[in-house]
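Written below as structure tokens is the structure these notes are about.
Quick caveat: nothing in here was measured; it's all calculated off a predicted structure.
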There are 2 protein chains.
Amino acid sequence: MPVACHPMTVTIYDIAKKTGVSPKTVARILNGESGRPKNVEKIKRVADELGYIRNKSAATLRSGKSNSIGVLISSLTNPFYPVFLESLYSEAKGRNLHIIPGVTFGDMENLRESVDLFIESRVAGIIASVDEEHPLEEWEDVVEKIIKLKIPLLLAGAESKWKEVPGFLGDETRTMTLIIKHLLERGRSNIGFVGGPLHVQGHKSRHDGFLKAMDKAKLKQRPSWILTGEASVIGGEQMALKLLQRKNRPDAIICSNDILAIGAIRAAHLENLDIPGQIAITGIDDIPLSEFTYPELTTVRQPRAMMAKVMLDTVSPETRNKNDRREMLSHVQLIARKSS
Amino acid sequence: MPVACHPMTVTIYDIAKKTGVSPKTVARILNGESGRPKNVEKIKRVADELGYIRNKSAATLRSGKSNSIGVLISSLTNPFYPVFLESLYSEAKGRNLHIIPGVTFGDMENLRESVDLFIESRVAGIIASVDEEHPLEEWEDVVEKIIKLKIPLLLAGAESKWKEVPGFLGDETRTMTLIIKHLLERGRSNIGFVGGPLHVQGHKSRHDGFLKAMDKAKLKQRPSWILTGEASVIGGEQMALKLLQRKNRPDAIICSNDILAIGAIRAAHLENLDIPGQIAITGIDDIPLSEFTYPELTTVRQPRAMMAKVMLDTVSPETRNKNDRREMLSHVQLIARKSS
DNA sequence: ATGAAAGCGCTAACAT
DNA sequence: ATGTTAGCGCTTTCAT
């Protein structure tokens with residue numbers, strides 16, 4: 001009598017033998033396709049009994065494609081990205097897709113290696129976030145490599161100059177309009193701006209959105225109240241300090257993301273200014289920590305789940321070319337907390 | 001004349017044909033093994049010319065194992081995990097390993113699915129972080145499934161009860177001793193404690209470390225100054241509020257992580273207490289944001305790179321059973337900032 | 001709805 | 001150091 005040691009791996013052939021059907025049928029059933037109810041039941045039971053675990057590599061090798069989506073980000077320490085990733089993870093769950101994050105640490109060689117790994121793994125698509133660590137210029141050859149292989153690619157945080165590659169940017173004018181309206185309601189009209197570097201498209205579009213929204217609101221723009229620089233807490237702090245130390249300082253500062261706003265809040269503390277009494281401060285993105293600053297940060301939340309959905313739609317073979325995007329992306333939402 | 005359309009994929013056979021050597025030789029060279037210099041040069045050149053990209057699935061299928069390490073975490077929103085992951089990513093880089101994070105959102109079914117994906121992908125090893133979202137009790141059957149398949153597993157943040165599975169916990173008594181010494185140097189000896197739930201081992205060990213370190217320092221422990229509860233910003237705020245609103249309040253609060261400490265800082269602000277003048281506050285972990293709280297948080301940094309190294313050593317087949325760990329993990333470092 | 005046969009691209013095992 | 005052969009476990013294709 002054979003000892004029941006751990007079989008190295010159980011395959012569809014083992015199940016086929018034990019159930020008396022062909023391997024093909026087993027594969028079909030286990031992939032969720034239809035079959036004779038009797039077979040379905042039996043196959044599933046036997047698979048369970050034997051502890052069957054499908055071999056993803058075999059499937060990927062044979063079919064030439066996997067159900068993984070590669071996601072390129074520069075960092076996890078920037079609190080924006082964990083949120084971004086979590087949305088993608090959530091959305092991927094429902095559609096039998098797997099997210100593989102590639103973290104570049106702002107290093108071009110790491111970026112290339114991550115892309116190579118994605119290609120080696122035959123990912124179904126790639127979502128790449130374009131930020132100050134990897135501005136659009138750096139992407140040239142990487143993007144072309146991916147295009148050549150016909151792997152669906154999406155550039156998040158940038159407009160794309162490649163016709164095969166969609167870009168993805170929020171409606172920043174709308175966002176800014178929302179914030180300005182809120183500030184006006186709270187009696188602030190002397191509004192300053194603290195933003196990230198203009199050579200990064202995502203930051204530039206927020207900056208431009210601010211200008212447009214100020215125009216629309218017929219508010220006076222003072223160039224000296226509009227500062228841009230490094231998109232970090234320290235950067236935000238320093239820029240905000242400059243604004244707050246002026247003789248005629250603004251009564252509100254719109255920061256183009258929450259990181260900068262956290263810096264601006266620190267600046268106000270350093271200047272012993274009451275928030276929001278003497279200075280209102282707002283951010284954008286609603287990163288997890290913005291709820292816990294002191295005082296809690298007023299910010300704008302993008303429709304994250306929706307964005308994740310659109311991104312995965314764009315990049316998954318089954319759902320590509322469903323271009324019902326633009327409409328949805330405007331559903332931004334102001335989160336009014338205590339800093340304004 | 002055949003049109004040079006995109007060849008679907010270039011394989012080692014194509015390179016072998018073009019260079020006149022056998023596929024095996026091509027594979028060897030491209031995997032970085034040695035060969036005749038002339039061959040090496042030629043093969044690498046031709047591979048480059050043809051745009052060869054190795055098929056990871058084929059390799060994994062044939063060899064039965066991949067160079068990926070699965071990492072289970074409950075969330076990315078908890079700022080501890082991005083740091084944890086980044087260390088692993090960095091360390092993996094140097095050794096030709098790939099990190100695949102599985103995010104469970106604290107949901108048991110997601111956890112199971114992530115593990116199944118890891119198994120399907122034939123990961124070389126799995127690192128699982130045990131926290132309040134998935135306390136040790138929940139891991140039972142998952143761990144046993146992994147053990148049965150002989151996949152190296154490491155439980156981070158817990159002691160393991162399985163002999164095949166190493167656990168991983170920092171030296172918390174040492175950490176606490178360091179913090180208490182620091183507080184004593186700054187003239188604080190009325191020390192309170194705010195910690196996470198005791199049914200979670202990671203939190204319990206910090207709590208116990210605190211008690212031991214207080215004993216060692218011969219400081220008086222008042223049970224009413226030792227609070228544990230939800231390990232969140234809100235939890236930290238509420239517990240700290242309780243301490244700060246007492247008639248005899250402590251002059252320092254040790255929080256068992258930075259998240260709790262951020263809550264405690266908020267509590268001090270709400271009570272209009274000066275930090276560190278009236279109350280000193282410390283955290284543990286040195287999450288990215290602790291540098292940017294107001295005032296900046298004094299905290300303790302674990303030797304992250306070292307921990308990542310040890311973790312990967314533990315789960316990588318080549319380096320298992322090198323048990324030179326314990327020594328290194330004590331190299332914790334106090335980061336004295338402005339909150340103490 | 002199911003079966004039979006072939007083959008994806010690599011590495012293992014063995015031979016030279 | 002290199003070549004030969006076989007086969008990993010699935011999916012594809014074609015036939016029934």
Side-chain angles (χ1 to χ4, degrees), chain A residues 7-44 46-47 50-68 96 116-117 119-124 149 317, chain B residues 7-44 46-47 50-68 96 116-117 119-124 149 317:
Chain A
M8 210 41 239
T9 44
V10 179
T11 73
I12 52 172
Y13 286 91
D14 301 319
I15 298 171
K17 206 174 294 174
K18 199 150 182 180
T19 53
V21 300
S22 80
K24 169 67 203 175
T25 304
V26 175
R28 260 191 26 257
I29 305 289
L30 292 180
N31 283 344
E33 288 168 56
S34 60
R36 292 208 188 101
K38 213 164 70 179
N39 280 346
V40 174
E41 186 278 327
K42 193 162 46 170
I43 289 170
K44 286 197 169 154
V46 171
L50 297 181
Y52 171 76
I53 293 162
R54 141 201 155 96
N55 188 322
K56 195 179 190 247
S57 305
T60 301
L61 170 59
R62 182 57 239 230
S63 68
K65 55 181 189 274
S66 76
N67 56 354
S68 300
N96 193 29
D116 284 346
L117 171 65
I119 298 174
E120 285 184 11
S121 307
R122 302 294 185 266
V123 293
L149 293 165
Chain B
M8 211 42 240
T9 44
V10 179
T11 74
I12 51 172
Y13 287 91
D14 300 319
I15 298 171
K17 206 174 294 174
K18 201 151 183 180
T19 53
V21 299
S22 79
K24 171 68 204 173
T25 304
V26 175
R28 262 196 21 261
I29 304 289
L30 292 180
N31 283 343
E33 289 168 54
S34 60
R36 293 207 187 102
K38 212 166 70 178
N39 280 346
V40 174
E41 187 277 326
K42 193 163 46 171
I43 288 170
K44 286 198 171 157
V46 171
L50 298 181
Y52 171 75
I53 293 162
R54 146 201 149 93
N55 188 321
K56 195 180 190 245
S57 305
T60 302
L61 170 59
R62 181 58 239 233
S63 69
K65 56 180 188 276
S66 76
N67 56 354
S68 300
N96 193 29
D116 284 345
L117 171 65
I119 299 174
E120 285 184 13
S121 308
R122 301 295 185 263
V123 292
L149 294 164

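Residue A/Ile12 holds its CD1 atom at 12.0 Å from CD1 of A/Ile29, rounded to the nearest 0.5 Å. Here the OG1-CG distance, from B/Thr9 to B/Leu50, works out to 11.5 Å after rounding to the nearest 0.5 Å.
The side chain to side chain contact (heavy atoms under 4.5 Å, CB included) check on A/Lys24 picks up A/Ser22, A/Arg28, with sequence neighbours excluded. Here B/Ser121 pairs with nothing under the side chain to side chain donor-acceptor pair (under 3.5 Å) rule; sequence neighbours left out. Under the rule for a side chain to side chain contact (heavy atoms under 4.5 Å, CB included), the partners of A/Ala16 that lie at least two apart in sequence or sit in another chain are A/Pro23, A/Val26.
Taken residue by residue, residues 53-66 of chain A places heavy atoms nearer than 4.0 Å to DNA chain C at A/Leu61, A/Arg62. Interface residues of residues 18-37 of chain A facing DNA chain C, ordered by number: A/Val21, A/Ser22, A/Lys24, A/Thr25, A/Arg28, A/Ser34, A/Gly35, A/Arg36; criterion, heavy-atom separation under 4.0 Å.
A side chain to side chain donor-acceptor pair (under 3.5 Å) check over residues 29-41 of chain A, counting only residues at least two apart or in different chains, returns the pairs A/Glu41-A/Arg45. Contacts classified as salt bridge (charged side-chain N to carboxylate O under 4.0 Å, His left out) and involving residues 9-20 of chain B (residues at least two apart or in different chains) are not found.
The two atoms that bring A/Lys42 and A/Thr19 nearest to each other are NZ-O, 3.4 Å, heavy atoms only.
Residues B/Arg122 and B/Asn39 both approach DNA chain D. Their nearest nucleotides, taken by heavy-atom distance, put B/Asn39 toward the 5′ side.
Counting 5' to 3', DNA chain D first comes under 4.0 angstrom of a heavy atom of chain A and last does so at the ends given by D/dG9 to D/dT12. Protein chain A contacts DNA chain C from C/dA1 to C/dG9, reading 5' to 3' and using non-hydrogen atoms of the protein with a distance under 4.0 Å.
In the helix from C/dA1-D/dT16 to C/dT16-D/dA1, the end axes, each obtained as the rotation axis mapping the C1' atoms of four pairs onto the next four within a five-pair block, lie 10° apart to the nearest 10 degrees.
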Identify each donor-acceptor pair in which a side-chain atom of residues 52-63 of chain A lies under 3.5 Å from a protein atom, sequence neighbours left out, and give them as a table.
{"from": "A/Arg54", "atom 1": "NE", "to": "B/Glu120", "atom 2": "OE1", "distance (Å)": "3.4"}
{"from": "A/Asn55", "atom 1": "OD1", "to": "A/Ser57", "atom 2": "N", "distance (Å)": "3.0"}
{"from": "A/Asn55", "atom 1": "OD1", "to": "A/Ala58", "atom 2": "N", "distance (Å)": "3.1"}
{"from": "A/Lys56", "atom 1": "NZ", "to": "A/Ser68", "atom 2": "OG", "distance (Å)": "2.9"}
{"from": "A/Thr60", "atom 1": "OG1", "to": "A/Lys56", "atom 2": "O", "distance (Å)": "3.0"}
{"from": "A/Ser63", "atom 1": "OG", "to": "A/Ala59", "atom 2": "O", "distance (Å)": "2.8"}
{"from": "A/Ser63", "atom 1": "OG", "to": "A/Lys65", "atom 2": "N", "distance (Å)": "3.4"}
{"from": "A/Ser63", "atom 1": "OG", "to": "A/Lys65", "atom 2": "O", "distance (Å)": "3.0"}

